[in-house]
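All values derive from a computational prediction rather than experimental measurement. Throughout, a chain's letter reflects where its sequence line sits, starting with A, and its residues are numbered from 1.
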2 protein chains.
Amino acid sequence: MTGHNPGMNVTGHTRRSVSIRDVATAAGVSYQTVSRVINDHPSVKPSTRERVLAAIDELGFRRNATALALASGRSRAVTVLTANTTHYGYASILQGIEEAARAESYAVGIGVLESADEAAVATEVRRAADASGGLIVIAYDPPGVKALAAVPADLPVVGVVETPTSPPGGDRPWVWTDDREAAYEATRHLLSLGHETVHYVAIPSSTRRTSARTTGWRQALKEAGAPEPRPVQGRWGPAGGHAAGLKLAQDPQVTAILCGNDDLALGVIRALHETGRAVPGDVSVAGFDDAPHSAYLTPSLTTVRMDFTGLGRSAFALLHGVLEESAPVAPHPVSVPELVARESSGRRRPAGGRPA
Amino acid sequence: MTGHNPGMNVTGHTRRSVSIRDVATAAGVSYQTVSRVINDHPSVKPSTRERVLAAIDELGFRRNATALALASGRSRAVTVLTANTTHYGYASILQGIEEAARAESYAVGIGVLESADEAAVATEVRRAADASGGLIVIAYDPPGVKALAAVPADLPVVGVVETPTSPPGGDRPWVWTDDREAAYEATRHLLSLGHETVHYVAIPSSTRRTSARTTGWRQALKEAGAPEPRPVQGRWGPAGGHAAGLKLAQDPQVTAILCGNDDLALGVIRALHETGRAVPGDVSVAGFDDAPHSAYLTPSLTTVRMDFTGLGRSAFALLHGVLEESAPVAPHPVSVPELVARESSGRRRPAGGRPA
DNA sequence: CTGAAAGCGCTTACAG
DNA sequence: CTGAAAGCGCTTACAG
């Protein structure tokens with residue numbers, strides 16, 4: 001074959017897709033009938049349906065989702081706005097959303113909020129809003145919190161938030177994990193092992209103000225009458241934990257450390273190891289999240305398990321309820337964390353002496 | 001306000017968005033002129049542009065991306081088809097794609113291939129094809145390989161493949177990491193430390209046949225004249241490594257283990273620890289990927305660093321070149337892995353004796 | 001059960 | 001520099 005192919009589009013590599021009109025011609029019916037067939041409309045004569053289906057198959061017809069969305073107004077799509085897609089918690093929430101979305105034949109898009117800069121956030125929110133469908137914003141950090149607040153009022157949106165008190169999204173639906181309770185439990189666990197107090201290495205918080213985890217930790221200390229050390233501000237990732245750990249290792253008084261997540265805890269443990277302090281012999285360490293590898297570290301990590309994928313599924317279910325009249329809108333779901341005690345936390349060693 | 005709001009859509013919560021016609025009316029121009037303004041067309045009188053911009057601002061106009069896509073035929077969207085979104089390598093590739101896509105104002109969608117079942121794969125591919133735009137398929141595993149093969153011929157697609165020899169995508173563009181070379185280097189590293197041979201714990205492979213990593217490992221053994229033990233088939237994740245490690249720990253001859261990824265290596269190390277074998281004292285262990293925490297484990301993990309985000313960026317660049325005539329289509333890029341020797345690998349201890 | 005019309009919100013020529 | 005027409009590929013009433 002030579003010559004210009006009228007089926008090529010501008011970029012010259014994609015043949016114009018076959019439309020319902022092409023199918024209609026091939027099947028000898030009107031294109032409305034084709035529409036009925038692909039929409040499983042009941043009132044189509046079986047023999048007609050057969051012919052149309054055969055034509056669809058032969059021509060390799062695929063319904064154009066863009067045209068469907070434009071004509072019908074329904075888009076069956078959700079865009080997830082998040083500051084990160086790789087950290088365990090974020091990635092797991094995204095996974096949960098995707099699972100639930102796939103089960104309902106929703107397409108899922110992602111938009112990453114690279115900075116908390118107002119203009120950058122606004123740009124990302126606009127891009128996400130441009131994509132038709134609903135929005136889920138993971139508002140665990142400053143970019144996410146700002147994005148949730150910046151979502152236009154007329155857009156269906158669900159927030160995944162750190163704490164439900166005065167959620168930044170106003171009266172919009174949200175899902176959350178009870179981080180305050182989780183930190184409270186973890187701190188009580190460490191105190192119950194005889195430690196005089198518990199130090200805290202914080203993850204970058206959702207706000208300037210105190211995070212839910214910090215609040216829970218503080219509450220447990222207060223109730224126990226334990227002194228409240230200054231929280232160490234950690235960065236994301238093991239490197240941040242390592243830096244914080246080196247700092248804490250200088251203080252021989254430190255015997256228990258709660259970390260904002262498992263990656264931080266892993267870095268802290270490494271720092272303690274490097275400075276010759278045994279875990280849990282000299283210092284007990286606990287994390288947050290129960291990442292897949294945490295059970296296989298040496299020492300295995302005491303942590304608080306969070307059901308992030310379940311949280312993601314809930315977020316989608318909520319959005320789905322908002323988008324489709326049929327699906328009921330559930331109340332704001334909460335994921336209840338579960339303490340998992342492992343090797344990295346142990347009884348405080350009697351002051352002064354090393355065991356034989 | 002009471003009564004029915006004609007601006008509400010079926011679901012009753014979203015006001016019909018303002019269109020270019022609304023803007024045109026408000027600005028006292030035709031809607032074509034509005035189209036010119038939002039497309040930065042040069043031939044618009046400055047004063048007209050001002051008025052239109054003002055109307056856009058006042059009415060809160062947002063251009064409907066669906067209509068844009070349908071009318072123009074360009075969609076500026078990419079869908080990533082992958083078996084997984086959370087494992088380090090996959091998540092990092094996705095991150096790289098997203099970064100590059102965002103820089104070009106492309107929307108990114110994800111579709112997860114939950115099983116290698118033909119029908120399930122076909123369904124996911126169809127869904128991805130329905131979303132307009134290009135496709136990137138991560139073909140590191142059976143579902144991905146099958147998906148890449150099932151992509152309709154008329155769709156712009158880039159494959160992220162394990163090995164470039166007879167890629168499953170035929171003559172389609174692809175990107176790859178040189179896994180064979182990576183495994184070769186890692187194996188040579190372990191052999192150079194005096195180990196008689198190197199055992200291998202494999203990740204689930206892309207095919208029934210031998211993976212590139214297995215090939216590289218085997219090649220290094222052969223060149224060195226080392227005996228070739230049977231590879232241990234691992235599952236994904238630390239649990240798989242742990243199971244494999246327990247098995248290998250039973251054989252006192254085992255002094256060096258190469259693992260298909262860092263998570264597997266972490267599990268193997270844990271298993272060796274549990275069975276009283278020191279790393280690297282008794283057994284050297286190396287992984288693949290250089291995950292963020294690998295440098296902070298104790299012992300820190302010898303591994304092969306792979307530039308997955310760079311690979312993702314390359315994949316997008318390639319697709320971008322295919323989609324837009326202006327962007328040049330680069331040749332199949334390869335990411336060159338880099339060996340990172342850390343604490344988990346060491347010289348083989350002289351046979352028979354434990355050091356004092 | 002099936003067909004002809006109008007329209008979703010835009011863009012792309014075509015006029016002037 | 002700006003406007004009127006046609007059309008992207010579908011769906012949704014409206015006819016019959």
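To the nearest 0.5 Å, atoms OG1 (B/T86) and CG (A/L94) are separated by 9.5 Å. Put simply, OG on B/S115 and NZ on B/K146 are 8.0 Å apart, with the number rounded to the nearest 0.5 Å.
The pair B/R102-B/E99 fails the salt-bridge criterion, with no side-chain N (NZ, NE, NH1 or NH2) lying under 4.0 Å from an Asp/Glu carboxylate O. Using a 4.0 Å cut-off between a side-chain N of Lys or Arg and a carboxylate O of Asp or Glu, A/R76 and A/E324 qualify as a salt bridge.
Contact between the side-chain N/O atoms of B/T33 and the OP1/OP2 oxygens of D/dG3 is found at a separation under 4.0 Å. When the side-chain nitrogen and oxygen atoms of A/S35 are compared with OP1 and OP2 of D/dT11, one or more of them lie within a distance under 4.0 Å.
Residue pairs satisfying the salt bridge (Lys or Arg N to Asp or Glu O under 4.0 Å) criterion with at least one member in residues 130-140 of chain A, sequence neighbours excluded, are absent. Counting only residues at least two apart or on different chains, no salt bridge (Lys or Arg N to Asp or Glu O under 4.0 Å) pair has a member in residues 40-59 of chain B.
Where DNA chain D pairs in unbroken runs of 3 or more (Watson-Crick or G-U, both distances under 3.5 Å), the stems are C:1-3 with D:14-16, C:5-12 with D:5-12, C:14-16 with D:1-3.
Contacts between residues 39-51 of chain A and DNA chain D, defined by a heavy-atom separation below 4.0 Å, involve A/N39, listed by number. Looking at residues 54-67 of chain B, you'll see B/F61, B/R62, B/R63, B/N64, B/A67 sit with a heavy atom under 4.0 Å from some atom of DNA chain C.
Side-chain rings of A/Y90 and A/F308 stay apart, their centers remaining 6.0 Å or farther from each other.
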Short heteroatom pairs, N/O only, protein and nucleotides 4-6 of chain D, under 3.5 Å:
from  : atom 1 : to    : atom 2 : distance (Å)
D/dA4 : N7     : B/Q32 : NE2    : 2.4
D/dA5 : N6     : B/Q32 : NE2    : 3.3

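Listed nucleotides: D/dC10, D/dT12, C/dT12. Nearest to the side chain of A/S72: D/dT12.
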